[in-house]
Amino acid sequence: MPELPEVETVRRGIAPVLEGRVLTRVLARRPDLRIPLPENFAGRIEGRRVEHVGRRAKYLLLRLEGDLVLLIHLGMSGRITIHPGEKLAQIEAGPHDHVLFETDGGDSLVYNDPRRFGLMTLAEGAALDSHPLLAKLGPEPLGNMFTGPHLSSALKGRSSSIKAALLDQRVVSGLGNIYVCEALYRARISPRRKASSVAGARAERLVPIIRQVLEEAIAAGGSTLKDYAKADGELGYFQHNFSVYGRAGEACAAEGCGRPISQIVQQGRSTFFCPGCQI
DNA sequence: ACACGCTCCTGAACGC
DNA sequence: TGCGTTCAGGAGCGTG
């Protein structure tokens with residue numbers, strides 16, 4: 001499932017195909033994803049040039065000429081496949097191929113999303129930061145604003161678990177279930193610990209670890225876990241090795257530990273952690 | 001203001 | 001083999 005590293009990998013995959021190119025044809029094969037597509041969605045973006053492919057948290061931001069931005073969220077199962085040298089007419093769309101794009105470079109892109117937890121919408125470029133989907137997002141975990149003091153003050157006074165706090169996109173944006181589990185494991189912090197007790201020294205320690213976990217995943221090309229594919233459609237290109245996620249019952253790999261990884265449920269989500277290492 | 005549960009959706013995995 | 005059930009989860013929204 002796409003979290004920040006996967007979205008960044010998709011961004012890097014599609015940017016060379018899109019940047020500087022005109023979207024000559026856009027086909028929406030259904031009126032909605034998780035939320036309705038904007039009125040006249042295809043018509044509003046057809047004929048516009050893609051100036052830049054950016055990212056904010058887990059949102060892809062396609063800046064189009066005319067101060068329009070196409071926001072894309074991949075949700076749980078969204079993927080973008082590049083069809084090099086193919087026109088839309090040549091593509092036989094499958095049942096979950098919801099939105100198709102063709103560029104004047106002669107390539108096409110297909111947005112596929114079986115569970116339709118993803119979304120696409122349009123925003124005015126000048127008011128992008130105040131768009132409802134982006135306005136409340138916390139700092140980028142790989143950016144300069146995400147610091148020990150920031151995290152510490154965000155956690156102070158929170159009665160929820162540190163797991164829940166790190167999943168809250170207002171605290172830090174872009175983390176999902178997998179990388180929160182991985183970061184807490186590496187930081188040796190229990191996911192059950194109260195967020196307020198992580199404020200201070202533990203928060204200072206956690207920030208560089210979160211960065212490290214994300215950077216390693218990005219470097220590896222993102223995760224191909226389950227229904228996620230690389231942007232260029234190369235399935236099985238990369239298998240990310242998680243330390244705890246999905247490893248319930250397996251021995252903790254930390255030196256001298258070897259205790260079985262636990263799986264619990266927090267806020268209705270699976271949490272994986274080592275009850276020996278993480279305090 | 002905060003915390004939590006509910007909800008959307010479908011395919012994969014599991015159990016009988 | 002086949003059918004029914006459970007689970008996975010991002011994040012907006014409603015409720016307490």
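Predicted, not measured: the structure shown is a model, and the values here were computed from it. All values below come from the heavy atoms of this structure, side chains included, with hydrogens, waters and symmetry mates left out. Quick note on labels: first sequence line is chain A, next is B, and so on, each numbered from 1.
In this entry the distance linking CG of A/Leu134 with P of C/dA11 reads 11 Å, nearest Å. Across the protein-nucleic acid pair, A/Met76 atom CE and B/dT10 atom C1' stand 10 Å apart, rounded to whole Å. Rounded to an integer number of Å, the gap from CG of A/Leu167 to P of C/dA11 is 9 Å. Taking atom CG on A/Asn177 and atom C1' on C/dC7, their separation rounds to 13 Å, with Å as the unit. Distance CD1 (A/Ile162) to C1' (B/dA3): 15 Å, rounded to an integer number of Å. Rounded to an integer number of Å, the gap from A/Ile178 CD1 to C/dC7 P is 19 Å. A straight line from CG of A/Leu4 to P of C/dA11 spans 11 Å, rounded to a whole angstrom. Counting to the nearest Å, the C1' atom of C/dG10 and the CZ atom of A/Arg56 are 16 Å from each other.
Counting only distance, with no hydrogens or angles, the side chain of A/Gln169 and the backbone of A/Leu167 share a donor-acceptor pair below 3.5 Å. Although no hydrogens or angles enter the test, the distance criterion places a donor-acceptor pair under 3.5 Å between the side chain of A/Ser152 and the main chain of A/Gly200. Remark: the backbone N or O of A/Phe146 is not paired with any side-chain donor or acceptor of A/Glu140 at under 3.5 angstrom.
For A/Ser270, a side-chain nitrogen or oxygen approaches OP1 or OP2 of C/dA8 to under 4.0 Å. Applying the 4.0 Å criterion to OP1 and OP2 of C/dG10, one finds that A/His73 has every side-chain N and O outside that range. Residue A/His96 places at least one side-chain N or O under 4.0 Å from the OP1 or OP2 atom of B/dG11. Using a 4.0 Å cut-off, no side-chain N or O of A/Ser159 falls inside it from OP1 or OP2 of B/dC2. Remark: A/Lys136 is not in phosphate contact with C/dG12, judged by side-chain N or O atoms under 4.0 Å from OP1 or OP2. Put simply, A/Gln263 has no side-chain N or O that comes within less than 4.0 Å of OP1 or OP2 on C/dC7.
Interface remark: the A/Arg115 side chain does form a donor-acceptor pair with the C/dA8 base, using a distance-only criterion of under 3.5 Å.
Shortest non-hydrogen contact noted between A/Ile210 and A/Pro141 is CG2-CB, 4.2 Å.
Under the stacking definition used here (centres under 5.5 Å, planes under 30°), the residue A/Phe117 fails to qualify as stacked on the base of C/dA11.
Closest to the side chain of A/Arg269, out of B/dT7, B/dG11, B/dC8, is B/dT7.
At a threshold of 4.0 angstrom between heavy atoms, the contacts of A/Arg34 include nucleobase atoms, whether or not backbone atoms are also involved.
At a cut-off of 3.5 Å, with distance as the only test, no side-chain donor of A/Lys156 or A/Ser196 sits close to an acceptor on the other residue.
Residue A/Arg170 is the one, among A/Arg30 and A/Arg170, whose nearest nucleotide of DNA chain B lies closer to the 5' end (criterion: closest heavy atom).
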